[in-house]
Amino acid sequence: AWSASPTLENEPLIRAQHNDVLQSRGSGLPPWRACGINSPADKVIKSWEAEYGKHAGKTVDLTCGPIDGKGNGYFHIGKRHYKEWQIHASIEGISWMEVVDMAITKALTAATIWKNDPKNDTTCYSGQIYLINKRIGVIARTLNPSVYVSNGNNTVVTAFTAPLCKNNQG
């Protein structure tokens with residue numbers, strides 16, 4: 001039957017699986033504290049408790065990072081990967097930051113894959129996320145994004161939409 005507000009048959013299951021991620025999704029509020037031109041690179045804008053891999057039981061922070069986008073953090077993700085995240089955000093009608101936040105949250109709290117990379121002193125985490133086209137009420141895309149965390153200082157280095165964490169639980 002047609003509905004003005006389409007529902008997704010397995011939406012309760014998806015919501016149960018992603019409850020923490022969905023709390024602020026689509027609220028119009030940014031998921032992170034602000035980074036400005038005068039913000040220190042080490043300003044923490046959000047923290048997560050990692051559940052798996054090398055960072056299990058540790059707090060992992062997203063920082064502003066250098067304003068030039070070189071290195072790590074918010075400015076790096078925004079300057080280097082904004083377009084790829086924005087394409088996926090448009091599916092749900094939310095901001096690119098909300099999709100990145102969803103990906104980081106899922107990767108650090110419910111990872112299906114993690115791989116230590118001693119060469120770059122990072123660990124790559126990934127957890128599957130679902131993007132829902134709310135106009136027609138279907139899962140429009142499933143992603144396995146990659147989130148890299150520094151092994152040295154437990155900060156998010158970057159986040160890609162591509163599934164780059166190839167080897168499981170290394």
Side-chain angles (χ1 to χ4, degrees), residues 6-32 35 45-56 60-63 65 69 71-117 120 122-150 154-170:
T7 59
L8 189 60
E9 282 183 36
N10 59 349
E11 188 172 12
L13 175 61
I14 292 170
R15 289 199 179 279
Q17 291 174 338
H18 305 291
N19 191 38
D20 293 338
V21 176
L22 292 170
Q23 285 177 353
S24 67
R25 205 160 130 195
S27 69
L29 299 172
W32 308 320
C35 290
I45 59 173
K46 187 158 181 183
S47 298
W48 295 264
E49 177 93 11
E51 298 286 332
Y52 301 94
K54 193 164 183 84
H55 301 90
V60 174
D61 296 323
L62 176 62
T63 61
N72 66 295
Y74 167 80
F75 286 119
H76 171 81
I77 296 167
K79 289 187 180 200
R80 301 288 174 97
H81 308 293
Y82 165 81
K83 287 181 184 176
E84 65 191 82
W85 287 110
Q86 185 56 43
I87 289 166
H88 298 298
S90 67
I91 292 169
E92 287 213 5
I94 59 177
S95 77
W96 71 273
M97 289 184 290
E98 289 176 283
V99 178
V100 176
D101 186 68
M102 180 178 18
I104 295 171
T105 300
K106 184 67 186 276
L108 294 177
T109 64
T112 51
I113 297 173
W114 58 92
K115 177 66 178 165
N116 189 39
D117 180 1
N120 294 311
T122 59
T123 300
C124 181
Y125 294 91
S126 185
Q128 194 170 70
I129 62 172
Y130 306 98
L131 300 175
I132 301 167
N133 180 327
K134 295 174 184 146
R135 287 184 302 120
I136 57 175
V138 298
I139 296 173
R141 187 159 298 147
T142 303
L143 293 176
N144 293 289
S146 303
V147 176
Y148 285 84
V149 177
S150 168
N154 301 329
T155 59
V156 174
V157 176
T158 193
F160 297 95
T161 60
L164 301 177
C165 306
K166 298 289 186 195
N167 297 319
N168 199 14
Q169 304 170 359

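Values reported hereafter were calculated over all heavy atoms of this structure, with side chains retained and with hydrogens, waters and symmetry mates removed.
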Supply the atom-to-atom distance F75 CZ to T63 OG1, rounded to the nearest 0.5 angstrom. 10.0 Å

Please check: side-chain N/O of W96 versus main-chain N/O of H81, any donor-acceptor pairing under 3.5 Å? no

Side-chain heavy atoms of V147 within contact of K106, under 4.5 Å: no

Identify the heavy atoms of A107 and Y125 that sit nearest to each other, and give their distance. O-CB, 3.6 Å

Between V100 and W32, is there a side-chain heavy-atom distance shorter than 4.5 Å? yes

Distance-minimising heavy-atom pair for Y52 and A110: CE1-CA, 3.8 Å

First locate atom CG of L108, then atom NE2 of H55, and finally report the distance between them rounded to the nearest 0.5 Å. 8.5 Å

Go through T155 and D61 one step at a time and tell me if the side chain to side chain donor-acceptor pair (under 3.5 Å) criterion holds. CA-CA 5 Å; T155 59; D61 296 323; over 6 Å; no

Would you say the side-chain atoms of S146 pair up with the backbone N or O of A162, donor to acceptor, closer than 3.5 Å? yes

Does the side chain of C124 reach to within under 4.5 Å of the side chain of D117, using non-hydrogen atoms? no

To the nearest 0.5 Å, what is the distance between CD1 on I139 and CD1 on I129? 11.5 Å

Taking all non-hydrogen atoms of both residues into account, name the closest pair between E92 and I132 and its distance. OE2-N, 2.9 Å

Could you tell me if the side chain of M97 sits less than 4.5 Å from the side chain of I45, heavy atoms only? no

Backbone N or O of V149 within a donor-acceptor pair of the T122 side chain at under 3.5 Å? no

For the atom pair CD1 (I94) and CD (Q86), what is the distance rounded to the nearest 0.5 Å? 9.5 Å

What closest approach, in Å, do E51 and T109 show between heavy atoms, and which atom pair accounts for it? CG-O, 3.3 Å

Heavy-atom side-chain proximity of L62 to I77 below 4.5 angstrom: yes

Identify the heavy atoms of T161 and E84 that sit nearest to each other, and give their distance. N-OE2, 2.8 Å

List the steps, then state whether side chain to side chain contact (heavy atoms under 4.5 Å, CB included) holds for T158 with R80. CA-CA 9 Å; T158 193; R80 301 288 174 97; 6.0 Å; no

Determine the minimum heavy-atom distance between T112 and G127, stating which atoms define it. OG1-CA, 3.9 Å

Rounded distance [0.5 Å steps], OG1 in T123 versus CG in N116: 4.0 Å

Should W48 and D101 count as side-chain neighbours, where that means a heavy-atom distance under 4.5 Å? yes

Look only at the side chain of T105 and the backbone of M102, and say whether a donor-acceptor pair between them is shorter than 3.5 Å. no

